[in-house]
Amino acid sequence: MLSFEMNDRKKIGIGLTGFGIFFSFLGIIFFFDKGFLAMGNILFLSGLSLTIGLKSTMQFFIKRQNFKGTISFGSGFFLIVIGWPIIGMMLEAYGFIILFSGFWPTLSVFLQKIPVLGWVFQLPFFRSLFDRQRGRRVPV
C-alpha cells in the first residue's frame with residue numbers, strides 16, 4: 001500500500017497549486033487579464049512540481065500519451081503571455097482536460113468523502129456520472 005506522507009514541501013506545493021487556481025479564476029473574472037492568468041499558470045505548475053516532485057512532473061508531461069495535452073497546455077500558456085488570453089485559455093482548458101482525465105475517478109472519490117459537501121456528490125445523479133467516468137478509464 002502506498003502512503004502519502006505530508007511533509008512541508010508538499011504542503012507548500014498544495015498551497016501554490018491552490019493559489020494558481022485562484023489566480024487563474026481571478027484572471028477569468030477580470031475579463032481574461034493576462035497577468036493574473038500567467039501568474040496562475042506559473043503558480044499551478046510550480047505547486048505541482050513541489051507536490052509530486054520535479055522528476056515526476058517532467059515524466060508526467062513528457063509521456064508519449066500526454067503529448068497532445070502537454071503541447072496544448074504549453075501553447076495556451078504561450079498565447080496568454082503574448083497577449084491572446086481567450087484563445088490561450090481555451091487551449092489550456094483542452095490540454096488540462098486531456099492531461100488530467102485519468103485523475104477524475106480519484107477526484108470523484110475524494111469529493112464524495114468531504115464531510116459537509118460529500119452528501120451532494122453521493123446523490124444518484126452525481127454517483128451515476130462518476131461511475132460512468134470510472135468505466136471509461138483508460139488503462140496505463
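Computed from a predicted model, the values in this text were never measured in an experiment. Along the sequence shown, residues are numbered consecutively beginning with 1.
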S.K.: Which residue pairs satisfy the side chain to side chain donor-acceptor pair (under 3.5 Å) criterion with at least one member in residues 80-93, sequence neighbours excluded?
M.R.: Asn41-Glu92
S.K.: Check whether any side-chain heavy atom of Asp33 lies under 4.5 Å from a side-chain heavy atom of Leu26, and answer yes or no.
M.R.: no
S.K.: Does CZ in Phe67 sit with more than 12 non-hydrogen atoms of other residues, nucleotides or ligands closer than 6.0 Å?
M.R.: yes
S.K.: Flag the pair Phe61 / Leu99 as yes when at least one side-chain heavy-atom distance between them is below 4.5 Å, and no otherwise.
M.R.: yes
S.K.: In the structure I gave you, are the side-chain heavy atoms of Ile42 and Phe77 within less than 4.5 Å of one another anywhere?
M.R.: yes
S.K.: At their closest point, which heavy atom of Thr51 faces which heavy atom of Gly47, and how far apart are they?
M.R.: OG1-O, 2.7 Å
S.K.: What distance do Ile87 atom CD1 and Phe32 atom CZ have between them, rounded to the nearest 0.5 Å?
M.R.: 11.0 Å
S.K.: Count I, L, V, M, F, W, Y as connected when their side-chain heavy atoms are under 4.5 Å apart, and connections chain through other members. Are Phe96 and Leu48 then in the same cluster?
M.R.: yes
S.K.: Might you point out which heavy atoms bring Leu50 and Arg9 nearest each other, and give the distance in Å?
M.R.: O-NH1, 2.5 Å
S.K.: Is there a side-chain contact between Leu91 and Leu79 (heavy atoms, below 4.5 Å)?
M.R.: yes
S.K.: Treating Ile, Leu, Val, Met, Phe, Trp and Tyr as nodes and any side-chain heavy-atom pair under 4.5 angstrom as an edge, say whether Ile14 and Ile12 lie in one connected cluster.
M.R.: no
S.K.: Ring pair (Phe, Tyr, Trp, His ring centres under 6.0 Å) with Phe60: which residues, sequence neighbours excluded?
M.R.: Phe100
S.K.: With clusters defined by side-chain heavy atoms of hydrophobic residues (ILVMFWY) lying less than 4.5 Å apart, directly or transitively, does Phe103 cluster with Ile21?
M.R.: yes
S.K.: Can you tell me how far CZ of Phe19 sits from CG of Leu43, rounded to the nearest 0.5 angstrom?
M.R.: 8.5 Å
S.K.: With rounding to the nearest 0.5 angstrom, report the OG1 to CD1 distance, Thr57 to Ile52.
M.R.: 3.5 Å
S.K.: Quick one: ring pair (Phe, Tyr, Trp, His ring centres under 6.0 Å) partners of Phe36, sequence neighbours excluded?
M.R.: Phe23, Phe30
S.K.: Between Ile62 and Leu54, is there a shared hydrophobic cluster once you connect ILVMFWY residues whose side-chain heavy atoms come closer than 4.5 Å?
M.R.: no
S.K.: Grouping I, L, V, M, F, W and Y whenever their side-chain heavy atoms are under 4.5 Å apart, do Phe22 and Leu16 come out in a common cluster?
M.R.: yes
S.K.: Nearest 0.5 angstrom please: Met89 CE to Leu37 CG, how far?
M.R.: 5.5 Å
S.K.: Give a yes or no answer on whether the side chain of Ser72 reaches the backbone of Lys68 with a donor-acceptor pair at less than 3.5 Å.
M.R.: no
S.K.: How long is the span from the OH atom in Tyr94 to the CD1 atom in Ile71, to the nearest 0.5 Å?
M.R.: 11.0 Å
